Amino acid sequence: MASNSTKSFLADAGYGEQELDANSALMELDKGLRSGKLGEQCEAVVRFPRLFQKYPFPILINSAFLKLADVFRVGNNFLRLCVLKVTQQSEKHLEKILNVDEFVKRIFSVIHSNDPVARAITLRMLGSLASIIPERKNAHHSIRQSLDSHDNVEVEAAVFAAANFSAQSKDFAVGICNKISEMIQGLATPVDLKLKLIPILQHMHHDAILASSARQLLQQLVTSYPSTKMVIVSLHTFTLLAASSLVDTPKQIQLLLQYLKNDPRKAVKRLAIQDLKLLANKTPHTWSRENIQALCECALQTPYDSLKLGMLSVLSTLSGTIAIKHYFSIASGNVGSSPRSSDLVRLAQECCYHNNRGIAAHGVRVLTNITVSCQEKDLLALEQDAVFGLESLLVLCSQDDSPGAQATLKIALNCMVKLAKGRPHLSQSVVETLLTQLHSAQDAARILMCHCLAAIAMQLPVLGDGMLGDLMELYKVIGRSATDKQQELLVSLATVIFVASQKALSAEVKAVIKQQLESVSNGWTVYRIARQASRMGNHDMARELYQSLLTQVASEHFYFWLNSLKEFSHAEQCLTGLQEENYSSALSCIAESLKFYHKGIASLTAASTPLNPLSFQCEFVKLRIDLLQAFSQLICTCNSLKTSPPPAIATTIAMTLGNDLQRCGRISNQMKQSMEEFRSLASRYGDLYQASFDADSATLRNVELQQQSCLLISHAIEALILDPESASFQEYGSTGAAHADSEYERRMMSVYNHVLEEVESLNRKYTPVSYMHTACLCNAIISLLKVPLSFQRYFFQKLQSTSIKLALSPSPRNPAEPIAVQNNQQLALKVEGVVQHGSKPGLFRKIQSVCLNVSSTLQSKSGQDYKIPIDNMTNEMEQRVEPHNDYFSTQFLLNFAILGTHNITVESSVKDANGIVWKTGPRTTIFVKSLEDPYSQQIRLQQQQAQQPLQQQQQRNAYSRF
């Protein structure tokens with residue numbers, strides 16, 4: 001009994017479902033559908049969306065929807081309702097239904113029922129299927145007919161279906177527009193039905209004539225039915241129609257402003273503000289100066305705070321767009337007007353110190369955006385207003401830990417970061433205000449303020465040193481309790497300290513941080529601080545923290561992960577002892593570092609699991625090891641000029657071979673090998689970049705910097721030693737022009753520029769290879785290694801997860817078994833794929849299209865060797881498909897003229913919205929066996945049989961001669 005209960009519990013909890021394949025899972029649900037109990041049938045129906053999510057390929061989805069259609073046809077209304085909900089939940093899988101006609105036929109049969117509720121559910125079902133049957137005339141007819149029904153439930157369902165079909169089908173929209181118009185204007189139609197019919201008009205945007213007629217009807221409704229509900233619904237539909245058709249947006253803005261100004265009803269005013277916000281977000285470029293001016297006047301005149309808040313939120317949205325530049329560019333064209341004297345600025349200045357936090361926040365945001373956008377010289381007073389407004393808002397919100405105050409504080413802090421970036425001369429006063437307020441603020445506010453300080457210090461590192469004293473004072477007095485907010489604050493403050501102490505942490509800072517962490521027994525907090533230390537290049541601190549955590553984890557994989565991090569930190573710490581001009585100590589430092597890296601990579605491999613293979617981390621560390629080995633080898637090569645100088649006959653050899661570089665002896669070949677090795681490493685870093693589709697921009701930039709380091713050294717070898725005459729510095733000169741987002745990038749850029757200057761000054765000055773050249777190369781390596789490596793977020797944390805699952809058909813039952821194809825026929829290979837996402841799809845980048853590459857190679861021949869054209873030997877094809885609802889499908893025609901076993905490889909890569917190609921995989925392989933077709937085989941056998949008597953006759957003749 002106990003085992004039975006355990007089994008059912010596991011089944012309900014979803015354990016063991018991994019082992020079920022798609023067919024078994026479908027059969028299990030089919031068994032539930034055929035059950036005589038209504039409860040089991042309903043349970044089976046509602047489990048279908050999970051099945052679709054797990055096996056999202058058409059062959060299963062088609063079968064499943066046909067079974068659901070059968071249930072819909074013969075079941076009761078409750079089962080039909082369950083099927084309807086499943087269909088609405090699985091909307092993105094509907095286009096994978098292959099037998100659409102059969103599916104719709106089974107659903108549509110219920111429309112002729114005598115039960116109005118069954119007809120209503122069928123109409124809603126048809127409406128939910130509008131995306132796959134937009135032009136189905138019998139569905140159009142049923143909807144039109146049901147709009148005249150006397151049953152309210154059926155009419156509401158018909159309205160729902162009409163709205164969905166109008167959005168999908170131009171023909172239906174054109175046909176139904178007059179019908180809806182008559183119903184809305186008809187006296188017999190109840191008001192509540194009119195309110196439901198009006199929103200259908202928002203879908204009448206398929207062409208200009210249809211949109212114009214819908215707009216005229218809405219205009220009549222707004223004037224003919226002045227009741228609050230009718231005006232609200234009509235105006236909102238009006239706005240949505242204008243936003244979709246685009247041509248009437250300026251007229252709609254004017255209409256909404258007119259209602260906002262003249263209509264006394266607050267509900268109508270609120271609706272007008274809400275719609276103006278929608279248009280401000282969608283089409284800010286269509287706002288004229290007169291529109292913004294009218295909105296400012298309304299906000300200045302209104303006595304209601306709630307309405308003022310709404311209008312300011314519209315203005316704050318517009319102030320961050322092109323509309324604000326347009327407003328001031330026209331304003332400055334008027335005589336005697338300047339940004340300071342405009343109504344918008346006056347409104348923002350008034351609202352900065354308003355007793356309502358929301359109004360004050362929007363006022364400050366408007367001022368900040370004006371200050372940053374308008375680069376006039378006479379904005380000193382405006383800048384001061386923005387800073388004072390931010391300071392007062394900061395003081396007000398930092399003492400309050402309510403959610404509203406925190407949301408307002410976030411707005412203020414975002415404005416501070418924007419102001420510090422746009423107007424660097426104001427950043428000092430902003431930082432001083434934050435540090436002063438940090439001591440008296442609530443913990444929740446302190447966390448947000450620390451994030452703000454870190455962002456400002458990353459942009460303007462010069463401010464970091466000034467922060468450190470205040471931050472250390474604060475760090476000593478917090479963290480006495482183990483609450484979540486205190487733990488979060490410890491991490492945030494430690495991050496700001498790491499950012500502020502740019503070069504390296506002093507012993508005093510380390511002691512304070514460790515002392516605080518010892519009194520707090522939360523291992524997760526310690527790990528997060530260690531992670532930030534690794535990210536900022538403070539590897540000695542990170543190593544000690546990882547070491548302290550090793551004994552606090554329960555899982556073996558976590559132990560190996562922490563141990564690998566400790567070893568990597570130790571390895572990077574070994575490189576901090578590098579000194580310029582001291583090449584023997586540099587070699588020993590690199591050797592010591594490599595020893596710890598090899599230990600670390602062994603631990604990292606042990607930490608990986610099938611579900612979490614740590615592929616990026618392993619590849620990144622392997623590349624770092626190979627890079628350090630290449631650096632070490634290059635330093636040894638440079639030293640070999642002293643230990644193994646060129647022989648006396650080197651000049652003669654060089655003249656004989658016609659290669660001037662040979663007079664330098666063996667170092668010339670070694671340098672050539674080194675250059676090729678660095679180019680190979682740069683290529684591998686490029687491959688790692690292309691494979692990291694889900695990485696954040698900082699991680700990708702880090703990989704790019706490693707690649708640039710390899711290219712820099714290879715360029716230096718070429719420019720100094722191998723080919724000084726043709727070396728060009730044009731393409732490398734502007735590396736520092738781009739704005740660096742982190743201290744690590746800033747320091748690396750500085751090293752690049754310094755190395756390039758050194759190489760350019762030595763280039764063509766001395767004949768290669770001299771001690772000056774080798775010293776320059778060694779110093780370049782030491783300069784690059786002295787910048788502590790930054791382990792970025794993607795090394796520890798994956799915020800976006802994207803994977804592609806491919807299905808090939810035909811596919812063999814057994815993966816090792818080949819598919820049989822006749823050599824005079826072509827194989828139609830269908831490739832289907834599903835894009836699978838994690839919890840935050842498209843956080844950094846989205847898939848625009850999928851590139852499928854199909855290639856085949858001959859593995860083993862069978863039969864005779866025929867002379868076949870080269871074109872028929874291999875297949876190499878590529879197709880680009882755009883996924884729709886995360887699904888894509890395409891076909892390839894492959895030719896296998898040569899008899900034997902062929903290996904087909906299908907590899908996918910993706911292109912993002914910026915046109916960048918990413919090699920995400922996967923790579924799938926199947927085998928095909930090419931067989932001789934029966935007709936050719938028959939002819940060949942006949943020819944062989946005809947040749948046999950002739951051969952025997954020839955043999956007899958040969959024997960008779962003897």
Side-chain angles (χ1 to χ4, degrees), residues 180-181 184-185 191-192 194-205 211-319 321 323 326-327 343-344 347 351 356 358-359 362 366:
I180 289 169
S181 174
I184 292 171
Q185 291 174 322
V191 175
D192 59 336
K194 287 182 181 181
L195 292 173
K196 288 169 185 167
L197 284 167
I198 290 169
I200 298 176
L201 296 171
Q202 69 182 288
H203 303 298
M204 306 294 167
H205 52 72
S212 176
S213 63
R215 194 169 172 80
Q216 283 173 8
L217 175 58
L218 285 165
Q219 189 74 56
Q220 287 173 16
L221 289 174
V222 168
T223 50
S224 308
Y225 297 92
S227 69
T228 304
K229 282 186 179 177
M230 286 294 278
V231 168
I232 285 175
V233 172
S234 302
L235 271 181
H236 188 55
T237 307
F238 225 153
T239 303
L240 294 174
L241 179 64
S244 300
S245 59
L246 299 177
V247 289
D248 295 314
T249 310
K251 287 183 192 172
Q252 184 60 23
I253 293 170
Q254 286 172 4
L255 181 67
L256 290 169
L257 286 169
Q258 188 183 328
Y259 270 90
L260 179 62
K261 191 174 183 180
N262 300 330
D263 200 300
R265 293 167 290 189
K266 283 182 79 175
V268 175
K269 285 180 185 286
R270 272 197 293 270
L271 185 276
I273 289 168
Q274 178 190 322
D275 284 358
L276 285 168
K277 182 82 181 279
L278 187 148
L279 293 173
N281 278 314
K282 190 162 185 183
T283 56
H285 56 282
T286 57
W287 285 69
S288 65
R289 183 177 192 280
E290 289 72 27
N291 296 152
I292 298 174
Q293 186 64 30
L295 192 57
C296 291
E297 287 168 8
C298 287
L300 285 166
Q301 289 165 10
T302 184
Y304 301 110
D305 283 357
S306 60
L307 295 179
K308 184 171 276 194
L309 176 62
M311 292 179 216
L312 270 168
S313 80
V314 177
L315 288 169
S316 75
T317 303
L318 288 170
S319 68
T321 65
H326 186 57
Y327 177 81
D343 283 344
L344 181 60
L347 173 66
C351 295
N356 182 312
I359 292 175
H362 285 305
V366 171

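Just so you know, residue 1 is the first one in the sequence shown, and it goes up from there. Small disclaimer: the values here were computed from a predicted structure and weren't measured. Atom set for the values below is all heavy atoms of this structure, side chains included, hydrogens, waters and symmetry mates excluded.
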So, taking the atom named [atom1] in [X] and the one named [atom2] in [Y], what distance separates them when rounded to the nearest 0.5 Å?
X: H362; Y: L347; atom1: NE2; atom2: CG; answer: 12.0 Å
X: L195; Y: I232; atom1: CG; atom2: CD1; answer: 10.0 Å
X: L279; Y: T317; atom1: CG; atom2: OG1; answer: 11.5 Å
X: L257; Y: E290; atom1: CG; atom2: CD; answer: 11.0 Å
X: L344; Y: L315; atom1: CG; atom2: CG; answer: 6.0 Å
X: I359; Y: C351; atom1: CD1; atom2: SG; answer: 6.0 Å

Answer whether the closest heavy-atom distance between the side chains of [X] and [Y] falls below 4.5 Å.
X: N291; Y: S288; value: yes
X: W287; Y: T321; value: no
X: L221; Y: V233; value: no
X: L255; Y: L235; value: yes

Legend entry - side chain to side chain donor-acceptor pair (under 3.5 Å) contacts touching residues 243-258 (sequence neighbours left out):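 Side chain to side chain donor-acceptor pair (under 3.5 Å) check on residues 243-258 returns T239-Q252.
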Legend entry - Which residues share a side chain to side chain contact (heavy atoms under 4.5 Å, CB included) with Q216, sequence neighbours left out: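 By the side chain to side chain contact (heavy atoms under 4.5 Å, CB included) rule, Q216 matches S212.
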Inset, instruction - Report the residues that fulfil side chain to side chain contact (heavy atoms under 4.5 Å, CB included) with K261, sequence neighbours left out, ordered by chain and then residue number. - result: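 K261 satisfies side chain to side chain contact (heavy atoms under 4.5 Å, CB included) with E297, C298 only.
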Which residues pass the side chain to side chain donor-acceptor pair (under 3.5 Å) test with [X], sequence neighbours left out?
X: Y225; answer: K194
X: Q219; answer: none
X: T286; answer: T283

Inset, instruction - Just grab all the salt bridge (charged side-chain N to carboxylate O under 4.0 Å, His left out) pairs involving residues 265-284, residues at least two apart or on different chains. - result: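 Pairs touching residues 265-284 that pass the test: D263-R265.
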Tabulate below the donor-acceptor pairs under 3.5 Å that side-chain atoms of residues 301-314 make, not counting sequence neighbours, or state none.
| residue | atom | partner | partner atom | Å |
| --- | --- | --- | --- | --- |
| T302 | OG1 | Y304 | N | 3.3 |
| S313 | OG | G310 | O | 2.8 |

Please table the atom pairs, donor to acceptor, closer than 3.5 Å between any side-chain atom in residues 197-205 and protein atoms at least two apart or in another chain.
| residue | atom | partner | partner atom | Å |
| --- | --- | --- | --- | --- |
| Q202 | NE2 | P199 | O | 3.0 |

Legend entry - Over all atoms of both residues, closest heavy-atom pair of L218 and S234: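 Here L218 and S234 meet closest at CD2-O, 3.9 Å.
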